[in-house]
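Below is one structure, written out as structure tokens, with a few remarks after it.
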Amino acid sequence: MKAIRRFTVRTVLPEPIAALDTLATNLRWSWHQPTRDLFASLDPALWEESRHDPAGFLGLITREKMQELALDTAVVARVRAAEEDLRRYLEEPRWYQGLGEDAPQCIAYFSPEFGITEVLPQYSGGLGILAGDHLKSASDLGVPLIGVGLLYQAGYFKQSLSRDAWQQETYPVIDPDALPLTLLKESDGTPCVVTLPLPNGRKLHAYIWRADVGRVPLLLLDSNVPANDDGARSITDRLYGGGGDHRLQQELLLGMGGVKALRIYQRLTDGLAPEVFHTNEGHAGFLGIERIQELMSASEALTWDEALVAGRASTVFTTHTPVAAGIDRFDAAQIKYFFDAGLAPDVPTTRILELGRESYDGGDPAVFNMAVMGLRLAQRANGVAKLHGTVSRAMFSGLWPGFDHSEVPITSVTNGVHVPTWVDPKISSVAETFEPGSAVGGRWDLVFNVTDEQLWETRRELRARLIDDVRRRLRAAWTKRGAGAAELTWIDSVLDPDVLTIGFARRVPTYKRLTLMLRDPARLKRLLLDPEHPIQIVIAGKSHPADDAGKKMIQDLVRFTDDPEVRHRIAFLPNYDIAMARTLFPGCDVWLNNPLRPLEACGTSGMKAALNGSLNLSVLDGWWDEMYDGSNGWAIPTASGKASPQERDDIEAAALYELLETQVAPRFYGASGSGAGAESAGAAGPSTEPPSRVPTHWISMIKHTLSHLGPQVSADRMLGDYVSELYTPAAVAGRRAVAEDFRHARELAAWTKHVRSNWSQVHVEHIDSGGLSEVPQIGDKLHVSAYLNLGVLNPADVLVELAYGRVDDSDQLTDVSLAELEPNENLGNGRYLFNGAVMVEHSGAFGYTVRVIPRHDGLASKAELGLIVNA
């Protein structure tokens with residue numbers, strides 16, 4: 001019999017242990033081991049049944065058990081101590097509170113997904129996990145952040161496999177009342193509502209749910225409310241579900257509705273208004289339009305140009321994709337249709353369309369590009385790794401024509417991962433590898449105090465725990481595929497705790513090349529079954545429901561893993577999520593990553609593995625490109641750009657096999673190589689093997705990885721970079737823009753309009769040079785005089801630069817240096833003479849040119865306006 005309606009009944013706790021509810025609803029428990037230990041100790045069996053969900057756990061405990069716990073003085077004391085610890089964590093000053101006044105008082109962080117815990121399934125992959133780690137580290141460091149996202153009724157899909165290994169998706173409906181969430185309500189008890197107008201007189205209403213991520217509030221908008229019609233109720237049905245109008249309405253609600261939700265939250269809590277708005281990928285880009293609408297509709301209304309300047313000054317945009325196909329693009333007519341309904345009544349729709357228009361060489365002017373809008377609405381932008389910054393500058397260079405790619409104003413902040421979430425307690429207990437609240441990630445060098453034997457034994461324990469989890473998950477997966485218990489006895493011998501274990505887990509788009517390892521199936525079999533140096537592989541990952549190519553890759557791989565000859569050495573685990581990751585990352589000895597370079601923006605899974613003593617085996621892409629040092633893992637060579645896709649995969653797969661066969665496996669098993677497990681520390685428990693049996697070279701690589709990569713891959717380091725390089729400059733610029741009734745914003749807008757309108761008059765008329773010897777030599781001083789026509793502009797409006805350096809056979813400058821030329825003489829009629837000199841510092845072919853760029857102290861970079869005149 002099926003229920004027609006369901007609801008969740010909250011537990012009423014006895015007063016002595018009432019603080020358990022506070023501990024359960026603040027998501028700090030998801031990374032705070034003592035809090036999880038407290039819940040587990042109350043009833044270990046129920047804790048397992050709740051799948052380590054404190055709110056679900058409290059819902060399972062009987063009233064009698066509650067009363068029993070409330071009468072246990074030891075339990076009451078532990079609960080009160082935990083409550084006091086949480087209070088101190090939430091209230092006491094942390095790293096951020098020691099910064100100066102320039103640091104922003106409040107930052108709004110918008111993202112379409114947040115991966116905080118498997119209990120709150122509002123994430124699909126790396127973008128969401130990164131966003132969750134961003135909030136957690138902000139909490140630990142005391143960064144005054146507010147997260148803004150959507151509450152999806154079904155989250156992302158659950159993955160299973162059919163009998164023939166095809167991915168299947170299910171979407172279990174989520175009950176917000178059963179989650180660690182609080183509904184925002186007005187003083188009269190009615191839910192707070194955000195409302196957006198839709199075409200044809202319809203309305204989109206949304207409730208606002210709050211999750212507490214330590215010190216950080218996370219606001220999630222939910223369209224599943226009674227006031228909506230059926231179409232509007234389904235807007236937040238699934239993460240990345242649907243397409244076209246559905247996806248657009250999700251992004252309108254996230255961006256524009258998110259700003260409205262922030263204003264409601266600010267009013268209810270009497271809190272500070274955000275000084276900086278951070279757009280995590282283009283999905284939330286419409287927040288900039290809502291902020292412009294606010295400024296243009298205020299009593300002292302700004303014009304479009306003035307509001308754009310004021311909004312941009314305090315906005316940060318982060319791009320996460322290195323490929324155009326990863327960007328949301330809508331038909332411009334579609335955008336017009338929705339904004340004509342009154343979404344931003346004071347903002348001209350034509351101006352909005354210009355923000356997203358691909359009005360550059362190679363672009364499609366009929367398309368509205370969300371990343372392009374994000375870049376045009378933010379004065380500061382970044383990629384998520386050094387290589388990704390380089391790729392992004394090239395990818396979006398059309399927005400800044402005439403500038404070298406290196407000058408495109410997109411910097412980079414390399415992603416990091418939240419250490420307390422991802423480092424296994426066994427690793428952190430062996431060496432105190434992190435200190436919560438530290439801006440540098442803690443004392444990772446303490447790992448050198450650990451003996452090789454102790455670390456090797458810990459690694460084996462983690463490997464054995466992973467194997468137990470793999471067998472449990474495999475049994476469940478095969479049961480869903482239709483296998484009976486009698487068919488599954490082989491699972492009891494899947495994997496070996498003394499065999500080199502390789503992990504590969506991530507989303508499954510084609511560029512991540514899940515099946516590169518299958519390029520030569522016979523060779524892979526030989527590696528798996530090698531009598532001296534065998535390997536075993538654990539694989540997981542989901543393909544987007546609409547990506548049949550990705551699903552086919554999963555099917556091909558699973559069919560290989562189904563082979564009775566190798567199925568004890570290689571396993572695919574369906575439904576990859578945070579819970580699986582907690583045993584997978586620590587349990588693997590090597591983390592494999594083989595994307596098409598440079599299509600991996602960052603790829604933080606390898607960072608999480610490294611935190612647990614796993615060595616990376618990866619293509620030099622994303623974060624690995626900048627952090628690989630030759631002693632923390634291995635780099636898979638990349639084929640020449642002249643190779644065909646087929647040749648490229650053949651070459652790189654062969655390189656992967658070669659590394660595994662000749663370097664990785666022999667080093668794991670040690671010099672003697674006398675069979676599987678020869679160099680292991682023996683059975684679980686204290687090692688009984690002599691120290692000589694421990695692979696000392698392998699252990700030295702683990703210690704080097706932990707000590708060097710630990711601080712670098714920490715999200716605390718990442719947050720510190722964001723604060724110093726982006727948030728604080730944005731806050732300073734934003735304050736200046738709004739000061740004195742927006743005087744600076746108004747002036748900069750007027751100046752920008754003046755410069756743009758008259759830039760066509762600017763040109764370099766003539767250049768003279770002198771000062772060189774008859775045969776130029778190192779040490780000569782090159783004197784340059786540039787005669788410019790600035791039209792109606794003044795010398796103060798421009799920066800005139802001498803660009804010089806080596807030149808190649810086509811007269812292209814390389815190793816470019818820049819020197820400013822100073823105005824020397826007003827020649828009349830808009831003509832000016834600029835002079836300067838530089839030292840010739842190297843031999844060989846030397847060249848120079850002169851260029852003119854707009855200059856204003858309100859610009860964040862020389863290229864910001866995209867205007868340049870080259871000689």
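Atoms considered below: every heavy atom in the structure, side chains included; atoms not considered: hydrogens, waters and symmetry mates. All figures in this text were calculated on a predicted structure; none of them were measured in a lab.
Side-chain contact, Thr318 with Asn382: a donor N or O sits under 3.5 Å from an acceptor N or O. Asp629 and His704 form a side-chain donor-acceptor contact under 3.5 Å, judged by distance and modelled atom types alone. A side-chain donor from one of Trp591 and Ser605 sits under 3.5 Å from a side-chain acceptor of the other. For the residue pair Glu626/Thr414, the side-chain donor-acceptor check at 3.5 Å is satisfied. The closest side-chain donor-acceptor pair between Asn632 and Thr705, if any, does not fall under 3.5 angstrom. Tyr360 and Ser397 share no side-chain donor-acceptor pair at under 3.5 Å. The closest side-chain donor-acceptor pair between Ser810 and Asp808 falls under 3.5 angstrom. Neither side chain, Lys753 nor Ser757, offers a donor N or O lying under 3.5 Å from an acceptor on the other.
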Which donor-acceptor pairs under 3.5 Å do side chains of residues 780-799 form with protein atoms, sequence neighbours excluded?
residue : atom : partner : partner atom : Å
Asp780  : OD1  : Ser773  : OG           : 3.1
Asp780  : OD2  : Ser773  : N            : 3.0
Asp780  : OD2  : Ser773  : OG           : 3.0
Asp780  : OD2  : Gln777  : N            : 3.1
Ser785  : OG   : Asn835  : ND2          : 2.6
Asn789  : OD1  : Gly791  : N            : 2.9
Asp797  : OD1  : Trp751  : NE1          : 2.9
Asp797  : OD2  : Asn794  : N            : 2.9

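Between Val417 and Ser714 the shortest side-chain heavy-atom distance does not fall below 4.5 Å. No side-chain heavy atom of Ser817 sits less than 4.5 Å from a side-chain heavy atom of Asp815. For the pair Asp857/Arg736, a side-chain contact is recorded, criterion being any heavy-atom separation below 4.5 Å from C-beta on. In this structure the side chain of Met370 reaches within 4.5 angstrom of the side chain of Phe286, judged on heavy atoms.
Shown here for Leu302 and Ala310, the closest heavy-atom pair between the two residues is CD1-CB, 4.3 Å. Between Arg735 and Ala103, the closest heavy-atom pair is NH2-O, 3.1 Å. The heavy-atom pair separating Leu387 from Pro598 by the smallest distance is CD2-CB, 4.1 Å.
Heavy-atom neighbours of Asn829 CG from other residues, nucleotides or ligands within 6.0 Å: at or below the threshold of 12.
Tested against His418 for a side-chain hydrogen bond (donor to acceptor under 3.5 Å, both in side chains), the candidates Asp133, Asp716, Asp140 yield a single pass: Asp140.
Judged by a 6.0 Å distance limit and a 45° cone about the ring axis, Arg291 is positioned over the six-membered ring of Phe277.
Take Glu841 and apply the salt bridge (charged side-chain N to carboxylate O under 4.0 Å, His left out) test, not counting sequence neighbours, and it matches no residue.
Between Trp624 and Tyr628, the two ring planes are tilted [angle within 30° to 60°]. Ring-plane geometry between Tyr722 and His278 is classed as tilted, the angle between the planes lying from 30 to 60 degrees on a 0 to 90 degree scale.
Using modelled atom types, no side-chain atom of Asp361 and backbone atom of Gly398 make a donor-acceptor pair closer than 3.5 Å.
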